[in-house]
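These numbers come from a predicted model, not from an experiment.
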Amino acid sequence: MSSTRTTRLATLALLAMTACWGSTFFLIKDLTDRISPLDFLALRFPIATVVLWLLFPRAVGRLSARARRQAVVLGALYAGGQILQTIGLAHTAASVSGFITGLYVVATPLLAAVLLRHRIGAATWTAVLVAIAGIGLLTLQPAGLAFGYGETLTLVSAVVYALHIVGLGAWSRPQDAVGLTIIQLATISVICVIGAAPNGITIPDRGSDWLSIVYMAVFAGALAIAGQTWAQAHLSPSRSAIVMSMEPVFAATFAVAFGGEGLSGRLLGGGALVMCAMLLVELAPRRHIEGEVTHLSV
């Protein structure tokens with residue numbers, strides 16, 4: 001297969017994975033009307049862990065002790081992001097949640113600047129201002145700015161996801177990618193099960209709910225991560241991030257098409273501004289995070 005064809009196929013594969021992630025927002029919104037966010041996560045991630053482990057049973061055994069410790073830290077960060085995002089989604093529209101979550105693309109270079117002393121260029125500051133304007137438009141209601149509990153938790157989750165991206169850029173190696181992913185998923189599973197256990201884990205009693213959970217665990221979880229791992233072995237980080245910035249667009253599209261949400265000028269305008277901010281960050285010339293954070297150690 002030629003290099004050009006492989007690159008095109010990898011781009012399409014990553015775009016498909018991004019669409020898959022975007023499709024989960026309205027499903028989660030619907031599901032958490034009947035079971036708690038922690039119960040949902042306590043069911044989803046153990047299934048995803050087992051599926052990926054069955055697909056790659058020897059991947060964890062190839063990791064060093066240090067890589068395993070790093071994977072646990074990364075898993076804890078991702079678990080925090082998932083918990084905050086899922087609880088926030090229960091209190092805001094799926095389309096709004098998708099766009100606010102996508103701000104991890106903007107938060108990543110800002111955190112790299114703070115934690116790793118990167119210089120923030122004018123383009124990044126412009127992107128931050130555009131993103132803030134987009135969030136304002138998304139959450140502006142006739143009675144005032146409706147940036148409430150759900151939106152706040154979702155914004156914090158975007159920052160936690162950005163921390164995860166910085167750490168992953170520092171510690172991930174191509175040969176360890178699947179093993180790191182399995183340990184991360186296992187760590188997320190343990191944290192979510194511990195969080196849900198005190199009140200008892202509610203098991204869905206609808207077949208449609210189980211279909212949603214299995215879809216989000218297997219396709220939007222284990223297989224999506226495996227597809228992303230393969231695709232990003234053939235694409236530059238910058239190109240990958242641009243493709244992945246389509247996630248909130250897919251989230252809004254699915255929420256309007258299948259989740260019963262209305263399409264408004266506010267949603268279109270605010271979403272377009274957030275998308276512009278993401279693309280500004282990714283297209284602005286800057287040094288890649290991957291080459292800047294290798295000194296981190298755990």
Side-chain angles (χ1 to χ4, degrees), residues 6-31 37 40-57 59-60 71 74-75 77-79 81-83 85-86 89 94 97-98 101-102 104-105 157-158 160-162 164-165 167-169 172 174 176-189 192 210-235 237 239-255 258-259 278:
T6 301
T7 299
R8 186 178 297 122
L9 183 61
T11 301
L12 290 174
L14 191 57
L15 186 63
M17 298 304 103
T18 302
C20 192
W21 290 323
S23 72
T24 65
F25 284 82
F26 84 94
L27 291 173
I28 295 171
K29 177 71 173 176
D30 175 66
L31 192 61
F40 157 65
L41 295 174
L43 293 170
R44 177 188 182 185
F45 282 103
I47 295 172
T49 303
V50 171
V51 168
L52 200 59
W53 178 77
L54 289 174
L55 288 173
F56 304 97
V60 172
L74 292 170
L77 284 172
Y78 197 87
Q82 278 285 305
I83 291 169
Q85 179 190 15
T86 305
L89 184 52
S97 176
T101 300
Y104 66 78
V105 181
S157 78
V160 176
Y161 283 137
H164 177 265
I165 292 171
L168 194 61
S172 180
D176 293 341
V178 176
L180 286 172
T181 300
I182 293 172
I183 293 181
Q184 286 183 81
L185 288 172
T187 302
I188 298 166
S189 299
C192 292
W210 275 111
L211 284 175
S212 294
I213 290 172
V214 170
Y215 166 73
M216 287 186 279
V218 177
F219 294 96
L223 295 182
I225 293 173
Q228 179 190 11
T229 301
W230 176 83
Q232 290 199 235
H234 301 283
L235 299 173
R239 184 167 183 172
S240 297
I242 291 172
V243 175
M244 292 170 67
S245 72
M246 286 295 295
E247 181 180 356
V249 176
F250 284 122
T253 301
F254 280 106
F258 303 107
M278 295 177 195

Stepwise side chain to side chain contact (heavy atoms under 4.5 Å, CB included) test for S23 and Y215: CA-CA 10 Å; S23 72; Y215 166 73; 2.7 Å; yes
Side chain to side chain contact (heavy atoms under 4.5 Å, CB included) between F40 and R44, worked out: CA-CA 6 Å; F40 157 65; R44 177 188 182 185; 3.6 Å; yes
Reported CZ-to-OG1 distance for the pair F25 and T86, which is rounded to 0.5 angstrom: 9.0 Å
4.5 Å side-chain heavy-atom contact, V50 and L54: yes
Mutual orientation of the aromatic rings belonging to Y78 and F45 [parallel < 30°, tilted 30-60°, perpendicular > 60°]: perpendicular
By side chain to side chain donor-acceptor pair (under 3.5 Å) - contacts of T253 (at least two apart): none
Worked verdict on L77 versus Y161 for side chain to side chain contact (heavy atoms under 4.5 Å, CB included): CA-CA 7 Å; L77 284 172; Y161 283 137; over 6 Å; no
Derivation of the side chain to side chain contact (heavy atoms under 4.5 Å, CB included) call for V51 and L55: CA-CA 6 Å; V51 168; L55 288 173; 4.2 Å; yes
Any L180 side-chain heavy atom under 4.5 Å of V60 side chain: no
Contact check, side chains of L15 and F250, non-hydrogen atoms, under 4.5 Å: yes
From I188 atom CD1 to T181 atom OG1, the distance as rounded to the nearest 0.5 Å: 9.5 Å
Partners passing side chain to side chain donor-acceptor pair (under 3.5 Å) against S212 (at least two apart in sequence or in another chain): none
Atom pair CG/SG of L14 and C20 - distance to nearest 0.5 Å: 12.0 Å
Nearest heavy-atom neighbours spanning H164 and L74: CD2-O, 3.2 Å
Polar side-chain atom of T49 near backbone of L185 as donor-acceptor pair, under 3.5 Å: yes
Check: Q85 and V160 side chains under 4.5 Å, non-hydrogen atoms: no
I182 backbone acceptor or donor facing W53 side chain under 3.5 Å: no
